[in-house]
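Whatever order the structure lists ligands and atoms in, that order sets their numbers, starting from 1.
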Amino acid sequence: MQTVKNYKFWFCTGSQDLYGNECLGHVEDHSKKMVEILNQSGVLPYEIVWKPILITNELIRKTFHEANEDAECAGVITWMHTFSPAKSWILGLQEFRKPLLHLHTQFNREIPYDTIDMNFMNENQSAHGDREYGHIVTRMGIERKVIAGYWNDKDVQERIASWMITAIGIIESRHIRVCRVADNMRNVAVTEGDKVEAQIKFGWEIDAYPVNEIAEYVEGVPQNEINALVEEYYSKYDILLEGRDPGEFKKHVAVQAAIEIGFEQFLEEKNYQALVTHFGDLGALKQLPGLAIQRLMEKGYGFGAEGDWKTAAMVRLMKIMTSGMKNPKGTSFMEDYTYNLVPGKEGILQSHMLEVCPTIADGPVGIKVCPLSMGNREDPARLVYTSKSGAAIATSLIDLGNRFRLIINDVECKKVEKAMPKLPVATAFWTPQPNLQTGAEAWILAGGAHHTAFSYDLTAEQMGDWAAAMGIEAVYIDKDTRIREFKKELQLGNIVYR
Ligand code: MN
């Protein structure tokens with residue numbers, strides 16, 4: 001499975017030649033030192049590369065051009081050490097096509113009260129220069145992140161780190177290709193959408209294949225490869241026979257092993273990073289892909305059930321965003337299933353027929369073979385487990401007919417009170433912020449789907465910034481959400497984004 005490139009971020013310091021070469025020498029020393037310390041901080045997930053001080057139209061334009069052309073450059077961090085007349089930035093910014101961060105900081109933390117003179121003020125005037133630069137970026141209507149604060153403070157470094165993850169999402173979104181195995185489930189509204197507009201807005205290529213074209217790959221998987229993968233499953237997961245014959249059980253598991261290998265070969269050959277299936281259109285496949293899809297998601301593929309290509313692309317996007325993180329907790333396709341409405345214990349049990357990613361598992365993962373209540377195929381094998389607790393986000397990208405909206409809900413994942421021995425699927429359980437009632441009311445008012453792209457590792461801010469970069473509306477459902485204001489926000493979005 002493809003992972004992220006060896007991405008880097010460029011650090012571009014703005015100045016001008018009005019204050020002489022000695023001043024420019026200091027500017028260079030300072031920004032080099034900042035880059036060195038930021039890289040040594042251990043906080044940033046990607047390296048920062050220092051670039052020569054930008055003082056002229058020509059050099060600024062040339063630098064932004066080179067940033068566009070460099071496949072490893074995932075974005076540019078800009079900062080004005082001195083004053084830098086912002087007309088010099090117009091042509092470069094106009095042509096720049098990558099994520100932009102305006103780091104509004106200052107080399108020195110404290111005013112040197114005893115020694116400060118006019119030379120010092122001219123040299124250290126980020127408060128002045130960054131306002132001039134910020135003005136032109138706003139006037140030009142360029143979407144960018146602004147982070148203010150002292151560059152050597154951990155919280156500022158953590159915000160830069162967080163923005164880097166968003167920038168990877170912005171860059172990688174344009175490399176996502178979704179393989180649709182069959183079409184959307186008949187009559188379902190929310191999994192539909194405008195695929196042409198999705199390619200224009202997000203860069204996603206979304207193609208359909210007849211299910212039997214991929215089923216042929218599954219048929220062609222050699223028996224020895226199937227056997228080896230089944231052995232891997234049996235060594236890695238608990239085998240939960242629950243009264244089934246061990247030989248018959250193993251045959252069912254082997255069908256999923258063949259699907260995993262055949263599907264992965266198909267996706268690799270044709271360069272897809274996400275896929276959808278549909279339980280009602282399985283062609284020659286013997287089982288609904290269950291365990292196989294769970295394993296593919298674990299390897300980084302995006303997935304959406306019932307033909308839900310929007311969620312499949314979002315799951316892939318969020319997986320690639322988190323792939324550079326240390327110790328991620330997990331990202332998955334998910335579905336709102338059933339409520340617990342006991343006062344004080346409110347929450348939504350999350351699951352799907354089968355296809356939940358094991359990266360979110362907490363504790364042992366088992367294999368079960370059980371009948372599927374829908375469709376007309378063999379009992380599919382699936383991985384079962386419960387999920388981690390803690391803060392997470394659930395996102396839903398919807399098509400409103402004339403535009404997209406991303407709904408982002410902060411959720412608190414919890415353990416269910418008791419085991420659910422008769423439930424043959426992986427689950428998570430969460431309470432939406434600010435509480436179940438308001439969270440669910442806001443979600444429904446916003447038009448959110450029953451499918452979500454879910455992650456413990458990303459924040460609402462990161463996904464909202466990604467949406468802003470894509471030029472679409474993002475609405476947040478969090479601890480501050482109140483229905484009356486939320487409805488006003490939706491009305492405002494209808495005007496701004498129509
Ligand atoms: Mn579903």
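T359 is not listed as a side-chain neighbour of M297, based on a closest heavy-atom distance of 4.5 Å or more.
If you look at H451 and ask which of its N, O or S atoms sits nearest the Mn ion (ligand 1), the answer is NE2. Looking only at its N/O/S atoms, H352 has NE2 as the one nearest to the Mn ion (ligand 1). Among heteroatoms of the N, O or S kind in E335, OE1 lies nearest the Mn ion (ligand 1). If you look at E306 and ask which of its N, O or S atoms sits nearest the Mn ion (ligand 1), the answer is OE1.
With I226 as reference, V230 is the one residue of L229, N224, V230 to meet the side chain to side chain contact (heavy atoms under 4.5 Å, CB included) rule.
With rounding to the nearest 0.5 Å, the separation of CG in N409 from OG in S396 is 10.5 Å.
Cation-pi geometry between R403 and Y497 is not met: the NZ or CZ atom fails to fall both under 6.0 Å from the ring centre and inside 45° of the normal.
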